[in-house]
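Encoded as structure tokens, the structure appears first; notes follow it.
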Amino acid sequence: MIMNYKHLTHDNRKIIEYMLNTKKSFKEIARTINVDSTTISKEVRKNRMLNDIGAIGRIKNRCIYRKNCFRTNLCENKSMRECNYSRCSACTLCNKNCPDFVEEVCPNHKQPPYVCNGCSLKSSCVLKKYIYDHDYAHKAYKIRLTESRKGFRLTLGELLHIESVVKPLVIKGQSIHHIVSNNKDVLMISERTLYRIVESCETDIRNIDLPMKVKRKETINNRKFTVDRSYLDGRTYDDFLKFINENPDVSIVQMDTVEGVKGGAVLLTIIFVNVSLMLAYLRVSNNARSVVEVIDYIYNTLGHGVFVDLFPVFLMDRGNEFTDPKAIEFNKDGERRTRVFYCNPGSPEEKGACEKNHVEIRKILPKGTSFDNLTQEDINLVMSHINSYSRKKLNGKSPYQAFSFYFAESILNKLGIDYIAPNDVIMNPSLIKK
């Protein structure tokens, strides 16, 4: 009899991996763990892991024409080095440089078993491989389960539409009940849902703006607002590791948020991992629009070329303020300016540079400090002192000095960061007295 509960366990996934390794069919696996065979098919396709390794002793050439290709001189830097290959298909740079490259894909990835676990050619095959690993599969399942239970979902476009309708009416003194009752065909959400959106602080509408909300008792354990998570496609932490593996020389920039008092102004922090230099920008609202506005400001201040060199990759957590990656990645003309990737949920260690540098901010702006009365000039002063503070990691140099060595001091000046003499650095709340 087939079990009637929905979720596979970790032990179930161990059995699936073992039986795939021994070339068992989906029907045999399903019979063993007492589920339907379609459950196994969906599980394998949904939770398989893309493995980019090649084969020991073989060139990782995945072009469909590689066996009969005799092209030469594809490498732009060939004149700068000695090439010992009679044809380019024998070189690891072939796939990257050849304009006629067409990747060969294993047909077994599109039909059962969808993975390479039991394939006898796995050790000698140079094509990309899909592997079913029970630990990876269970972790992927847990992440999806967590995301699916975070609350109701709206796309950024839907959120902006709701704000455009509701905000002008709130300014007129109308209540949420009145607005929803008379605009149901435009809003298409319930009164309770609109209250939750307001409470999430994801729009420019605040509880204090509502005529009756300030008198209402706070509801305990409200479900939090979350947007549609489809923006994570191609931008997960695994995608980040794959990108870094393919581009080992790229510099990484981490982004995060530092809160003052709950519901008040916040800081957007941007950390250059290799030199520990940190930028911070004051934002009145902790929403996606304010993050994009900061990125646009930096982009317009530095220009396209400098911005692309400084910010090739952004790594951030999955907070609601970072839910518009396309607006960060592309300028208003649709030209790519950076790439965005996201950490796994509940994994602050994956952006450890942010967490460590936030300790320096808290020395001057302790937890519970309100940012509402601060200005961007105040924040620039704080960051100037923090970035002029010597670090053991940098052999006694400050982030300001390290950044200036690798890039240019003029860039920091454009961004409002000044050099503070070592003996003048202040790392306590006395720096900012408001």
Side-chain angles (χ1 to χ4, degrees), residues 1-53 55 62 103-155 158 193 223-242 318 323 341-347 350:
M1 182 177 178
I2 295 175
M3 63 183 184
N4 57 11
Y5 51 86
K6 297 179 181 179
H7 302 285
L8 296 175
T9 66
H10 195 199
D11 288 338
N12 292 150
R13 292 185 168 91
K14 286 182 180 179
I15 294 172
I16 293 173
E17 180 186 351
Y18 172 77
M19 297 189 75
L20 286 172
N21 290 340
T22 54
K23 300 185 180 181
K24 302 298 183 184
S25 69
F26 286 171
K27 285 186 178 180
E28 291 177 283
I29 300 173
R31 221 178 286 123
T32 301
I33 62 176
N34 201 26
V35 297
D36 192 86
S37 58
T38 58
T39 300
I40 305 300
S41 177
K42 291 176 182 178
E43 165 66 19
V44 172
R45 282 180 291 168
K46 189 176 291 185
N47 293 327
R48 61 185 180 175
M49 173 177 62
L50 180 62
N51 194 320
D52 196 37
I53 63 172
R62 293 169 176 153
E103 183 174 2
E104 181 178 359
V105 179
C106 179
N108 289 335
H109 295 169
K110 297 181 180 180
Q111 62 189 22
Y114 305 111
V115 290
C116 306
N117 287 55
C119 182
S120 59
L121 301 176
K122 183 170 65 173
S123 60
S124 60
C125 179
V126 298
L127 305 182
K128 287 183 179 178
K129 304 172 181 66
Y130 277 105
I131 303 295
Y132 184 87
D133 176 83
H134 67 273
D135 284 327
Y136 176 88
H138 197 65
K139 183 177 180 181
Y141 152 76
K142 295 290 285 184
I143 289 174
R144 283 199 309 276
L145 186 65
T146 301
E147 295 293 342
S148 69
R149 293 176 175 175
K150 280 191 174 180
F152 54 90
R153 296 169 180 258
L154 291 172
T155 65
E158 290 170 335
T193 298
R223 295 174 70 193
K224 291 185 178 180
F225 163 79
T226 181
V227 296
D228 185 2
R229 297 284 167 172
S230 61
Y231 69 87
L232 293 171
D233 294 344
R235 299 186 178 95
T236 65
Y237 193 70
D238 287 336
D239 296 317
F240 167 74
L241 294 178
K242 179 183 175 183
R318 301 188 182 190
T323 52
F341 296 99
Y342 295 89
C343 299
N344 290 317
S347 304
E350 293 174 354

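All residue numbers in this chain count up from 1 along the given sequence.
Contacts of Y136 classified as side-chain contact (heavy atoms from CB on, under 4.5 Å), with partners at least two apart in sequence or in another chain: M49, D133, D238. Residues meeting the salt bridge (Lys or Arg N to Asp or Glu O under 4.0 Å) test with E28, sequence neighbours left out: none. In this structure S347 satisfies the side-chain hydrogen bond (donor to acceptor under 3.5 Å, both in side chains) test with no other residue, sequence neighbours excluded. For E43, the salt bridge (Lys or Arg N to Asp or Glu O under 4.0 Å) partners are R13, not counting sequence neighbours. The side-chain hydrogen bond (donor to acceptor under 3.5 Å, both in side chains) search around Y342 returns none, not counting sequence neighbours. Residues passing the side-chain contact (heavy atoms from CB on, under 4.5 Å) test with V105 are H109, sequence neighbours excluded. Considering only residues two or more places apart in sequence or on other chains, S120 meets the side-chain hydrogen bond (donor to acceptor under 3.5 Å, both in side chains) condition with none of them. A search for side-chain contact (heavy atoms from CB on, under 4.5 Å) contacts involving K139 returns I143, N344, not counting sequence neighbours. Remark: E17 engages H134 in a side-chain hydrogen bond (donor to acceptor under 3.5 Å, both in side chains) (not counting sequence neighbours). Scanning for side-chain contact (heavy atoms from CB on, under 4.5 Å) contacts around K242 gives L50, K128, E246, with sequence neighbours left out. A search for ring-ring contact (aromatic ring centres under 6.0 Å, His included) contacts involving H138 returns H10, Y141, not counting sequence neighbours. Considering only residues two or more places apart in sequence or on other chains, F240 meets the ring-ring contact (aromatic ring centres under 6.0 Å, His included) condition with Y237, F341.
In this structure, C119 SG and N21 CG are separated by 12.0 Å, a value rounded to the nearest 0.5 Å. Going from atom NZ of K27 over to atom OG of S41 covers 12.5 Å, rounded to the nearest 0.5 Å.
Counting only N and O atoms by type, the side chains of D11 and T9 include no donor and acceptor under 3.5 Å apart.
By the 4.5 Å heavy-atom criterion applied to side chains, N12 and V35 are not counted as neighbours. Side-chain contact between E104 and V126 is absent, with no heavy-atom pair separated by less than 4.5 Å.
Across every non-hydrogen atom of C106 and L127, the tightest pair is N-CD1, 4.0 Å.
The 12-atom threshold is exceeded at NZ of K129, counting heavy atoms of other residues, nucleotides or ligands nearer than 6.0 Å.
If you run side chain to side chain donor-acceptor pair (under 3.5 Å) between D36 and each of N34, T39, T38, only T38 comes through.
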